[in-house]
Structures are given as C-alpha cells and as structure tokens.
Amino acid sequence: MPGEKPAHMSANIIDGKAIAAAIKEELKAQVAGLPVAPGLATVLVGDDPASHTYIRSKHRLCAELGMRSLHHQLAADATQEQVESVVKSLAENPEAHGILIQLPLPAHLDEERVLALVPLEKDVDGFHPINVGRLAMKGRRPEFVPCTPAGCMRLLERSGVELKGARAVVVGRSNIVGLPMALLLNHADATVTIVHSRTKNVDSILKEADVVVAAIGKANFIRGEQLKPGSCVIDVGINRTSEGLVGDVEFASAQAVAGRITPVPGGVGPMTLIMLMENTLKAAQKSFQVRELKVGGPG
Ligand code: NDP
C-alpha cells in the first residue's frame with residue numbers, strides 16, 4: 001500500500017502486554033491449585049500519587065489472579081522505628097508471603113536498613129542485599145530476581161533472542177534496573193557493557209550492541225542512527241511528555257533500524273507487574289514446601 005513501510009524495513013515489535021497476559025493465565029492456573037492464596041503485602045510511606053497508582057495496580061492484579069493483598073500506609077513523616085516495626089510485623093505474618101516496600105522511601109529514612117529487614121524468602125522485589133549479592137556471583141542463585149530486569153529477560157527469552165555470546169549494552173546502572181539487568185545478561189552469557197552518565201564514546205559502544213537495554217529516564221534519548229541494524233532494543237524508560245508517555249528510545253527511528261523493539265507503553269511495564277506476581281507465587285509455594293517438610297519431618 002502506498003506510504004506503508006515495507007515489512008522488512010520495520011522492527012518486530014515485542015508485545016509485552018500480550019506476553020504478560022499469557023503469563024497471567026499461567027499464574028492464575030497455578031494459584032488455583034494452591035491450598036492457600038498467596039499473599040502480597042505492600043508498604044507505602046507518604047502519599048506520592050504515582051506510588052499510590054502503582055500500589056493500586058499491584059492489588060488489582062493480585063485480585064485478578066486469586067491472590068490476597070495486604071496494605072500498610074504510613075505518613076510521609078513516619079519515623080525509621082515506625083517503618084521498621086511494620087516491616088518486622090510483616091516478616092512474622094504467615095499471610096504475607098511476599099513483602100514489597102514501595103521505593104523510593106522519603107529521604108529521612110534509611111532505605112538499606114528497611115530493605116534488610118525483609119526476610120530473604122519474602123523478598124519478592126529482589127532488593128535484599130543477599131539476593132543482590134547472589135545475583136552478582138558466579139554459580140549462585142538469588143531467591144528472587146528484581147521484577148523489571150526479570151521482565152526484560154523474559155521478553156528476550158520469549159522472543160527467541162540469542163544471548164549467548166551476544167554483545168549487550170545496558171544504558172543506566174541503577175540498583176533497581178540497570179545494574180541487576182547487566183548481571184542477568186552476564187549470567188545468560190552475553191558480553192555486557194554498562195553505559196552511564198560518565199561514559200565516553202557512547203555511539204561506538206551502542207553501534208556494536210546486539211541487545212540494547214535502555215534504563216535512563218530521559219525521553220527519546222537513544223535514536224535509531226546510533227543502533228546496530230537488526231539489534232534488539234528493550235526500552236525500560238517511562239517518561240511523561242507533552243506528547244504522552246514515551247520511552248528512553250526514539251521509537252520511530254529505532255524501529256526502522258532494530259530487528260526487534262519493545263514499545264512504550266506496552267513493553268516492559270506490564271512485565272514488571274506480572275514478574276512481581278510470579279515472585280509472590282514462588283514465595284508462597286516455597287513457604288508451603290517448608291511447612292510440609294516441618295509437618296512431615298522427624299520429631
Ligand atoms: P535512575 O535515575 O535511578 O538511573 C538512571 C541511570 O541512567 C543512571 O545510572 C544514570 O547514570 C544513567 N544516565 C543518566 N543520564 C545519562 C546519560 N546522559 N548517558 C548515559 N546514562 C545516563 O533511573 P531508574 O533506573 O530507576 O529508571 C530508569 C527509567 O526506567 C525511568 O524512566 C523509569 O521511570 C523507568 N522504569 C520503568 C520501569 C518499568 O516497569 N517499565 C520500572 C522502573 C523504572 P549515573 O549512574 O552515572 O547517574
């Protein structure tokens with residue numbers, strides 16, 4: 001048709017919404033087969049509207065999957081002791097199989113100390129220092145992998161992208177996305193480069209990348225002409241602009257060069273949420289196994 005881009009000229013879109021919907025059905029079936037509904041506890045300090053929206057969508061998805069959710073809301077000026085006391089009570093609560101502390105916490109709180117109180121087996125966000133440490137070590141397996149990078153990996157797997165020996169570039173090195181993403185790609189035997197705000201020669205690094213993961217937080221920061229033709233682009237960025245929600249990658253120009261690309265919205269976003277649900281289900285399954293062992297064990 002006139003004006004239409006020939007099929008070979010446009011990238012295959014990796015449809016995160018469809019992949020997340022398929023995983024949702026798989027999880028629903030697994031939840032239905034459990035003796036007790038898995039429970040996710042969320043903790044929110046302060047009343048940031050975006051955080052409220054995220055929490056609401058987590059609880060909605062729990063309900064859709066037949067899972068339970070518990071919520072603890074604390075005032076923006078809650079003390080370290082108050083926050084720690086809530087997390088400690090959830091750590092003891094058998095109905096909370098997974099605990100999620102909505103980040104960032106207000107600046108006056110010690111985030112590291114709060115996160116370290118989440119027991120490893122309930123750390124469905126994967127941010128406990130031991131989980132992160134295991135992720136960084138060869139031959140070790142974390143109990144849980146942080147949800148956004150886990151979602152990116154699942155998109156790559158389900159799209160059949162070969163990672164072994166691939167050149168992968170992660171743009172961004174945050175604790176939540178960039179760093180764990182680079183560690184996961186390394187575990188998958190990709191050769192990984194991390195690009196950050198001080199990196200020089202970014203163009204030449206990107207040009208060699210078979211896989212690019214963009215987690216920067218700057219609208220349309222990476223453009224098509226910087227990419228290697230045929231590469232796979234995973235865009236984690238969520239940027240609100242006057243033109244609506246856009247990623248860290250300029251979609252139109254990147255789509256013309258890349259072999260595969262995730263859209264924003266509808267790429268990584270839906271995967272992050274469903275990975276949280278998967279982690280919570282896994283936490284519940286493990287707790288049932290432990291209970292069975294205790295009941296069936298000696299003494
Ligand atoms: P952070 O702000 O914590 O980290 C941004 C990273 O980008 C930093 O490592 C920073 O480098 C790097 N960076 C900044 N400017 C440049 C530059 N000019 N060149 C190269 N690197 C640069 O953000 P997050 O990792 O938390 O989030 C990144 C994006 O992903 C955001 O848009 C966020 O909204 C989105 N997001 C999406 C999720 C989803 O579910 N889809 C979940 C989580 C986040 P340096 O370390 O040197 O400062």
Side-chain angles (χ1 to χ4, degrees), residues 50 103-113 115-116 125-138 140 142 145-153 155-156 161 163 165-241 245-254 257-258 260-262 264 267-269 272:
L103 301 177
L105 290 173
H108 69 278
L109 295 171
D110 183 339
E111 190 173 289
E112 198 179 344
R113 259 176 55 197
L115 292 181
D125 242 349
F127 295 147
H128 190 290
I130 292 181
N131 270 330
V132 180
R134 287 184 184 164
L135 193 60
M137 292 165 86
K138 194 176 161 79
R140 302 284 162 82
V145 172
C147 302
T148 300
C152 295
M153 290 301 286
L155 289 177
L156 290 165
V161 175
L163 293 174
R167 295 293 298 263
V169 172
V170 180
V171 190
R173 56 177 169 180
S174 71
N175 290 339
I176 293 175
V177 191
L179 184 70
M181 187 68 218
L183 296 172
L184 284 168
L185 287 165
N186 179 54
H187 275 294
D189 291 331
T191 301
V192 186
T193 304
I194 299 178
V195 168
H196 49 76
S197 64
R198 307 298 163 93
T199 303
K200 292 177 183 152
N201 303 322
V202 174
D203 281 5
S204 64
I205 296 170
L206 282 175
K207 261 289 182 252
E208 290 205 345
D210 303 305
V211 175
V212 174
V213 180
I216 314 156
K218 291 191 172 158
N220 301 323
F221 185 79
I222 296 173
R223 299 173 315 281
E225 61 266 29
Q226 294 173 286
L227 299 169
K228 177 176 172 180
S231 56
C232 176
V233 178
I234 305 289
D235 189 353
V236 183
I238 301 176
N239 306 289
R240 281 164 223 285
T241 70
L245 216 58
V246 301
D248 289 343
V249 180
E250 193 183 68
F251 187 77
S253 66
V257 179
R260 288 159 216 230
I261 185 167
T262 59
V264 177
V268 175
T272 296

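Keep in mind it's a predicted model, so treat the numbers as computed, not measured.
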Closest heavy-atom pair, V177 versus S174, reported as atoms and distance to 0.1 Å, is N-OG, 3.0 Å
Taken in chain and number order and not counting sequence neighbours, the residues that satisfy salt bridge (charged side-chain N to carboxylate O under 4.0 Å, His left out) with R134 are E143
Distance-only donor-acceptor hits, side chain of residues 192-199, under 3.5 Å, sequence neighbours excluded:
| from | atom 1 | to | atom 2 | distance (Å) |
| --- | --- | --- | --- | --- |
| H196 | ND1 | R198 | N | 3.1 |
| T199 | OG1 | H196 | N | 2.7 |
| T199 | OG1 | H196 | O | 3.1 |

Test V213 against every option in V233, V236, V268 by the side chain to side chain contact (heavy atoms under 4.5 Å, CB included) rule and name the one that passes.
V236
Result block: side-chain N/O donor-acceptor pairs under 3.5 angstrom for residues 165-173, not counting sequence neighbours:
| from | atom 1 | to | atom 2 | distance (Å) |
| --- | --- | --- | --- | --- |
| R167 | NH1 | E208 | OE1 | 3.1 |
| R167 | NH2 | E208 | OE1 | 3.1 |

Could I get the full list of salt bridge (charged side-chain N to carboxylate O under 4.0 Å, His left out) partners for R140, not counting sequence neighbours?
none
D248: side-chain hydrogen bond (donor to acceptor under 3.5 Å, both in side chains) partners, not counting sequence neighbours:
N239
Minimum heavy-atom separation for C152 and I234, please, with both atom names.
SG-CG2, 3.7 Å
Atom SG of C147 and atom CD1 of I176: how far apart are they, to the nearest 0.5 Å?
10.5 Å
Applying side-chain hydrogen bond (donor to acceptor under 3.5 Å, both in side chains), which residue pairs with at least one partner in residues 227-237 are found, sequence neighbours left out?
D210-K228
How many angstroms lie between atom CD of E250 and atom CD of E225, to the nearest 0.5 angstrom?
7.0 Å
Apply salt bridge (charged side-chain N to carboxylate O under 4.0 Å, His left out) to D110 and list each qualifying residue two or more places apart in sequence or on a separate chain.
none
Cut-off 3.5 Å, no hydrogens considered: what does the side-chain donor-acceptor table look like for residues 178-190, sequence neighbours left out?
| from | atom 1 | to | atom 2 | distance (Å) |
| --- | --- | --- | --- | --- |
| H187 | NE2 | L135 | O | 2.7 |
| D189 | OD2 | K164 | NZ | 3.4 |

Not counting sequence neighbours, which residues clear side-chain hydrogen bond (donor to acceptor under 3.5 Å, both in side chains) with N220? List them please.
none
Suppose we screen for side-chain hydrogen bond (donor to acceptor under 3.5 Å, both in side chains). Which residues come up paired with N201, at least two apart in sequence or across chains?
none
Residues that N131 engages under side-chain hydrogen bond (donor to acceptor under 3.5 Å, both in side chains), provided they are two or more places apart:
D123
Value for CG (N175) from CG (L103), rounded to nearest 0.5 Å, stands at 10.0 Å
Once rounded to the nearest 0.5 Å, what's the spacing between atom CD1 of I222 and atom CG of L227?
7.0 Å
So which heavy atom on T262 is nearest to which on F251, and how close?
O-CE1, 4.0 Å
E111: partners by salt bridge (charged side-chain N to carboxylate O under 4.0 Å, His left out), with sequence neighbours left out
none
